[in-house]
Q: 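Please find one structure pasted underneath; my questions will follow.
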There are 2 protein chains.
Amino acid sequence: MSVDKAIFTPVKGKRAFEEVSSKIKALIIEGVLKSGDKLPPEGELGKQFNVGRQTIREALRILELSGFITVQQGFGGGPVVKNTISRKLSDLILDAFQMKEISVEEFTAARLVIEKAILNDAIDNADDQDIEDLQENIAKAKDLLARKQIATDPNFEFHSLLARASKNSVFVILERTINAIHHKLRSQKTADFKTSKAAVLAHEKLLDAIIKKEREKAINLLDQHVLAVRKSY
Amino acid sequence: MSVDKAIFTPVKGKRAFEEVSSKIKALIIEGVLKSGDKLPPEGELGKQFNVGRQTIREALRILELSGFITVQQGFGGGPVVKNTISRKLSDLILDAFQMKEISVEEFTAARLVIEKAILNDAIDNADDQDIEDLQENIAKAKDLLARKQIATDPNFEFHSLLARASKNSVFVILERTINAIHHKLRSQKTADFKTSKAAVLAHEKLLDAIIKKEREKAINLLDQHVLAVRKSY
DNA sequence: TCACATTTGTCCGTATGTATC
DNA sequence: AGATACATACGGACAAATGTG
């Protein structure tokens, strides 16, 4: 009755194409291969890894879907290192939604938590440039509204800018994920001028509170804003 | 001057394997293919889609990496519909982290926010089964400590169980990601019996506060615990 | 224990499509 | 327009894994 249950499985997949993709992926993460670098063509890769072309192709497919490379056909083409992970991330998140793994309620609850944390840190850490960017964002949004256009893009951007102002790259990534989900939820609805205008006004008030460092007021405003957005789904 | 801008372009992939994977994926999302259903072997799929085996294989690779199917070799094996999307999601998020060089400080700050939110929801939503699982987890950890072994695995599991008790699948995904990063940070250090023991004791106190629904006390305990863990890096 | 059938994993050769020069 | 270099795709073959009798 020995406890030989191998709990940790740092071992790699035994399939050859997994080892190949892992090795290339490691080189990219370590920075040996940088964005824009061109990988050898499939045949050459096969020789270097001592595997067949089919194996290389499946490895490239994995790297492509994981957002580490892109592949182009034709002369001068081939696999190129390019980071598209966040795009692939939103694709997968959409899948999770379509498979009903995430509900709107769960999403809103999580969003509230993370956006509040971002706001809290942004109040402490935002520098002049961040404030300027946020002000410019609102000006852009109001300009669109004045021309009876919907300010969807700037409204999404506002939260990204806020995340950047928090000076925590973890929040930036989490916020991007939230934005992706939000975007998917919204894409099913037709854009609404009224909702868009309300969002811009909420952002404006929020920024004012941030500049004045009125923390509680800002958090309350954010609460109302997120819950209002939730209703618009 | 007709508006022939094709707005609905769900299928942009020219490549054959993308069309094949999209079709199978659609069948799964629509519910025509359900979890546990066995797909035909590669050769048979090739005949049905009128493409070669290589094309089928690349399509299956995509579905596998996207978390829609698993594939097993040998007699009675083959592709089987199985939802592992959330696992694939945290894998991708981890990739995003590794490409961005997150600092320990940023990670700890984000961890604190998310774990607190999880704790808050867990206090409200944990059912009897969740509490039982958490108690069993601590018992397992203490048993290991009594035999002078390090309780790393149960200690990681504790936070996963807590996330599950929050009844929010978004938190489950985020927590899994945090665990993966945490694990990565820890892997550079040799495991420490003292630290492990302290964590178990912290978990025990925390669970006690959760059961008694002492919210503030629980959050304070979590604060101390996470910051203590941060020092161990 | 030993074949045996089934299915994925891998390799090779070849042909076609595609983008650049 | 033609040559070149590359991915894309097909078909056949054998190896490896895995459960059955």
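Here is the naming used below: chain letters follow the sequence lines, and residue numbers restart at 1 for every chain.
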Q: Could you list all the side chain to side chain donor-acceptor pair (under 3.5 Å) pairs where at least one residue sits in residues 28-41 of chain B, not counting sequence neighbours?
A: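 Residue pairs with at least one partner in residues 28-41 of chain B: there are none.
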Q: Can you pull the side chain to side chain donor-acceptor pair (under 3.5 Å) pairs that have at least one residue in residues 51-65 of chain A, sequence neighbours excluded?
A: A:Glu42-A:Arg53, A:Glu42-A:Arg57, A:Gln54-A:Glu58, A:Arg57-B:Glu58, A:Glu58-B:Arg57, A:Glu58-B:Arg61, A:Arg61-A:Glu64, A:Arg61-B:Glu58, A:Glu64-B:Arg15
Q: Under 3.5 Å, sequence neighbours excluded: what are the donor-acceptor pairs made by side chains of residues 71-82 of chain A?
A:
none

Q: Under a 4.0 Å heavy-atom cut-off, which of residues 39-50 of chain B touch DNA chain D?
A: B:Asn50
Q: Given side chains that start at C-beta, do those of B:Ile56 and B:Val20 come closer than 4.5 Å, heavy atoms only?
A: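 They are in contact (side-chain heavy atoms under 4.5 Å apart), so the answer is yes.
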Q: With sequence neighbours excluded, tell me which residues meet salt bridge (charged side-chain N to carboxylate O under 4.0 Å, His left out) with B:Lys197.
A: none
Q: Could you run down the sub-3.5 Å N/O contacts of the protein with nucleotides 18-21 of chain D?
A:
{"unit_1": "D:dT18", "atom_1": "O2", "unit_2": "B:Phe75", "atom_2": "N", "d": "2.8"}

Q: Quick one: side chain to side chain contact (heavy atoms under 4.5 Å, CB included) partners of B:Asp127, sequence neighbours excluded?
A: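 If we apply the side chain to side chain contact (heavy atoms under 4.5 Å, CB included) test to B:Asp127, skipping adjacent residues, the hits are B:Gln129, B:Asp130, B:Lys167.
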Q: Which atoms of nucleotides 12-14 of chain D (N or O only) lie under 3.5 Å from a protein N or O atom, and what are those distances?
A:
{"unit_1": "D:dA13", "atom_1": "N6", "unit_2": "B:Arg53", "atom_2": "NH1", "d": "3.3"}

Q: Should A:Glu105 and A:Arg230 be marked as a salt bridge (Lys or Arg N to Asp or Glu O under 4.0 Å) after you check the CA-CA gap, both sets of side-chain angles, and the distance that decides it?
A: CA-CA 8 Å; A:Glu105 283 69 26; A:Arg230 185 252 170 279; 2.5 Å; yes
Q: Considering only heavy atoms, which members of residues 59-70 of chain B lie under 4.0 Å from some atom of DNA chain C?
A: B:Arg61
Q: Could you check whether any side-chain N or O of A:Glu106 sits under 3.5 Å from a backbone N or O of A:Ser103, counting only pairs where one atom can act as donor and the other as acceptor?
A: yes
Q: Could you state the CD1-C1' distance from A:Ile56 to D:dA9, rounded to the nearest angstrom?
A: 17 Å
Q: Does the pair B:Glu175/B:Arg164 count as a salt bridge with the N-to-O cut at 4.0 Å?
A: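 A salt bridge is absent here (no side-chain N lies under 4.0 Å from a carboxylate O).
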Q: For a quick check under 3.5 Å, do A:His159 and A:Glu115 share a side-chain donor-acceptor pair by atom type?
A: yes
Q: Restricting to side chain to side chain contact (heavy atoms under 4.5 Å, CB included), what partner residues turn up for A:Ser21, sequence neighbours left out?
A: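 A:Ser21 satisfies side chain to side chain contact (heavy atoms under 4.5 Å, CB included) with A:Ala59, A:Ile62, A:Leu63 only.
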Q: Who passes ring pair (Phe, Tyr, Trp, His ring centres under 6.0 Å) against A:Phe158, sequence neighbours left out?
A: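 A:His203.
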Q: Can you give me the first and the last nucleotide of DNA chain C (5' to 3') that has an atom within less than 4.0 angstrom of a non-hydrogen atom in chain A?
A: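 On DNA chain C, the outermost contacted nucleotides are C:dG9 to C:dC21.
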Q: Quick one: do the A:Asp95 and B:Ser66 side chains pair a donor with an acceptor below 3.5 Å?
A: no
Q: Please determine if B:Arg87 and B:Asp91 form a salt bridge, counting it only when a charged side-chain N lies under 4.0 Å from a carboxylate O.
A: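 No salt bridge links B:Arg87 with B:Asp91.
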Q: With a 4.5 Å cut-off on side-chain heavy atoms, are B:Ile93 and B:Ile173 touching?
A: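 The answer is yes; the side chains approach within 4.5 Å.
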